[in-house]
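Working notes, beginning with the structure itself.
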Amino acid sequence: MAVTRTFSIIKPDATRRNLTGAVTKKLEDAGLRVVASKRIQMTREQAEGFYAVHKERPFFGELVDFMVSGPVVVQVLEGEDAVKRNRDVMGATNPADAEEGTIRKEFAESIEANSVHGSDSEENAATEIAFFFDDSEIVG
Ligand code: CMP
């Protein structure tokens, strides 16, 4: 299995509750390595751009409001089959549907305040990584 990269965001509900370390430990325990990480306050422009694929969805406005409501930690994760590995440890988008032991089951507050984002494909991972990181900031 090839070592690949994915993109992760620790969302404002998690940073607010001081869960950055706890979430990162879950990622590391799942076999993912943090090869880039920074804590940022997303601008509205960044949030709208990042989630542009959802702009016709009824929840888009609230999603953007939430993502700028506090700091987030953007990360690049590396590991074998990183996209799937990360999605498995994140759990279902809605914490009510998430499996035991997943990040969202343990930490998420709601479908919106669901603690983490993770890329859904390798193609999107590359786009999302480039949205927040220069190559020089990623050290594997
Ligand atoms: P994320 O993986 O960051 O991608 C889009 C986000 O929209 C998703 O996680 C959810 O947190 C958020 N969201 C808010 N409301 C909904 C909804 N009704 N259905 C799906 N996603 C939602």
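Counting convention: from 1, in listed order, for ligands and their atoms alike. From a predicted model like this one, the values you see are computed outputs, not experimental measurements.
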Got a second to check how far Asn124's CG is from Phe7's CZ, nearest 0.5 Å? 11.5 Å
Asn94 CG to Ile111 CD1 distance, which is reported to the nearest 0.5 Å: 4.5 Å
Mode of Asn114 contact toward ligand 1 - side chain, backbone, both, neither (heavy atoms, under 4.0 Å): side chain
For ligand 1, the portion of Glu62 having any non-hydrogen atom under 4.0 Å away: neither
To which protein heavy atom is [atom] closest, and what is the distance rounded to 0.1 Å?
{"atom": "atom 6 (C) of ligand 1", "answer": "Leu63 CD1, 3.8 Å"}
{"atom": "atom 2 (O) of ligand 1", "answer": "His117 ND1, 3.2 Å"}
{"atom": "atom 11 (O) of ligand 1", "answer": "Ile111 O, 2.8 Å"}
{"atom": "atom 9 (O) of ligand 1", "answer": "Lys11 NZ, 3.2 Å"}

Option set Phe59, Phe50, Tyr51, criterion heavy-atom distance to atom 16 (C) of ligand 1, minimum: Phe59
Quick test of your reading of the model: are Asp65 and Arg44 salt-bridged, counting only N-O distances below 4.0 Å? yes
Salt bridge check: are Arg104 and Glu99 linked by an N-O gap of less than 4.0 Å? no
May I ask you to check whether over 12 heavy atoms, not counting those of Lys55, lie within 6.0 Å of atom NZ? no
Is any N or O atom of Val116, backbone or side chain, closer than 3.5 Å to an N or O atom of ligand 1? no
Looking only at distances, please establish whether an N/O atom of ligand 1 is found under 3.5 Å from an N/O atom of Thr93. no
Is the Phe132-Phe50 ring centre distance short of 6.0 angstrom? yes
Centroid-centroid under 6.0 Å between Phe60 and Tyr51 rings: no
Which atoms of ligand 1 have any heavy atom of His54 under 4.0 Å away? 4 (O), 5 (C)
Does any donor atom in the side chain of Asp13 or Ser115 lie under 3.5 Å from an acceptor atom in the other side chain? yes
Say whether Arg104 and ligand 1 are in contact under the criterion: heavy-atom distance to a ligand atom below 4.0 Å. yes
